[in-house]
Amino acid sequence: MIIQLKNNVTPERVNELSKSLQAIVVKQDGATLLVTPSATKTIDPSYETNVEKFFVMESDIQLAHPSFMPGKRTVQWGKNSIGGTHNNSVVIAGPCSVESREQITQSAELMKSLGISTLRAGCYKPRTSPYTFQGLGLEGLKLLAEVRDKYDLNVITEVKDSSHIEEVIEYTNIIQVGAKAMYDHSILKRCGTAGKPVLLKRGFGTTLQEFVQAAEFILSGGNDQVILCERGIRTFETKTRFTLDLCGAAYLKHHTNLPVILDPSHAIGYAYGVPDLSRACIAMGIEGVLIEVHPTPKTAKSDASQQLNHQEFTDLFTSLNGVAKAVGRNLI
Ligand code: PEP
Ligand code: MN
């Protein structure tokens, strides 16, 4: 249950109520909310004088549920916004990893030349093998910040574990929580107080309920700037790397108030399919796509098979504009 308290309730009383209701206190747009377990369905008559309104919730998808807050939450995205009443769809593009100053500069130049505002690249890579490239770490973050400032871009980079979360928060504009880090509660809780937008990726073995509940950890920590990213789930299929769950995206669009972004690159795992999938994603009328692009994909130190080269990406971006227009979206 979400209980919105009256404005005149004293901090002592808020404390008392939150303890007795086993509730998390969340401040939102000047209002004080108590979020209790969703199993709580009624309000004790002795609390009623303190309550402005309350929402009985079906499950622990609470702050993200449209019955609490209809429509989409607005997320500040650099100088732009996504969600809310905006029709913006953000194109997040760039290499899987920051590899060198030269490589990330070429990526930044491509985004700038196409009028794309957001550059992505990982510095702490959650690799499946300890023997492969693990990312440049802090050096990579510094290179990313350098090109961000030089080309006036937003950058998004991922946090892999809590050992470097403060560095990521300091250097990035938007924090990415990767599919493998999605269950890390210390990351989720720190994101709740980070004061920056968080792109939360769905784990490949995660149900939609679990995914949105992970977002609730960030929202209930006081950060309402959360975006959900579907990036493919594991199925019986082996011909593609994962299966992009467009049904799941439709569910998230309808049953949550959070902006939704789709990642076709990690889903299919092969560059040949990324253009068609990207167009399908934009046609869904969601808040954005994440596409991996590399100056020389064959030599990429991670995810080489799925990254588009600059010409392929330029051609794709041109066609995406037409699809976006057809469904009333504006690419940023
Ligand atoms: C990435 O975006 O480079 C990445 C590692 O994605 P995921 O967490 O979805 O595997
Ligand atoms: Mn990648």
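All ligand and atom numbering here is 1-based and tracks the order in the structure. Not measured: the values here are computed from a predicted model.
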Test side chain to side chain donor-acceptor pair (under 3.5 Å) applied to Asp263 and Arg202, Lys201, Arg231, the passing residue | Lys201
For Glu292 and Gln306, does a side-chain donor sit closer than 3.5 Å to a side-chain acceptor?
-> yes
Going by distance only, is there an N or O of Asp263 that falls short of 3.5 Å from an N or O of ligand 1?
-> no
Find all atoms of ligand 1 within a distance of less than 4.0 Å from any non-hydrogen atom belonging to Glu292, and give their numbers and elements.
-> 3 (O)
Fit a plane to each ring of Phe55 and Phe68, take the angle between them on a 0 to 90° scale, and name the class: parallel (under 30°), tilted (30 to 60°) or perpendicular (over 60°).
-> perpendicular
Which of Lys125, Arg241, Arg127, His294 passes side chain to side chain donor-acceptor pair (under 3.5 Å) with Asp303? It is Arg241
Find all atoms of ligand 1 within a distance of less than 4.0 Å from any non-hydrogen atom belonging to Gly178, and give their numbers and elements.
-> 8 (O)
Of all N, O or S atoms in Glu292, which has the smallest distance to the Mn ion (ligand 2)?
-> OE2
Considering only protein heavy atoms, which is closest to atom 9 (O) of ligand 1, and at what distance to one decimal place?
-> Arg231 NE, 2.6 Å
Does any donor atom in the side chain of Glu210 or Tyr183 lie under 3.5 Å from an acceptor atom in the other side chain?
-> yes
Who's the nearest protein heavy-atom neighbour of atom 2 (O) of ligand 1, and how far?
-> Arg120 NH1, 2.7 Å
Using a distance-only test with no angle check, is there a side-chain donor-acceptor pair under 3.5 angstrom linking Arg279 and Ser319?
-> yes
Of all protein heavy atoms, the one nearest atom 5 (C) of ligand 1 is Glu158 OE2, 3.4 Å
For atom 4 (C) of ligand 1, the protein heavy atom that lies nearest, with its residue and separation = His266 NE2, 3.4 Å
Return the residue, atom name and 0.1 Å-rounded distance of the protein heavy atom closest to atom 8 (O) of ligand 1.
-> Ala179 N, 2.8 Å
Please report which non-hydrogen protein atom sits nearest to atom 7 (P) of ligand 1, along with the residue it belongs to and the distance in Å to one decimal place.
-> Lys201 NZ, 3.5 Å
Side-chain donor-acceptor pair under 3.5 Å between Asn88 and Arg329, yes or no?
-> no
Do you know which N/O/S atom name in Asp303 is closest to the Mn ion (ligand 2)?
-> OD2
Less than 3.5 Å between some nitrogen or oxygen of Lys180 and one of ligand 1, yes or no?
-> no
Examine the side chains of Ser163 and Tyr124 and answer whether a donor and an acceptor come within less than 3.5 Å of each other.
-> no
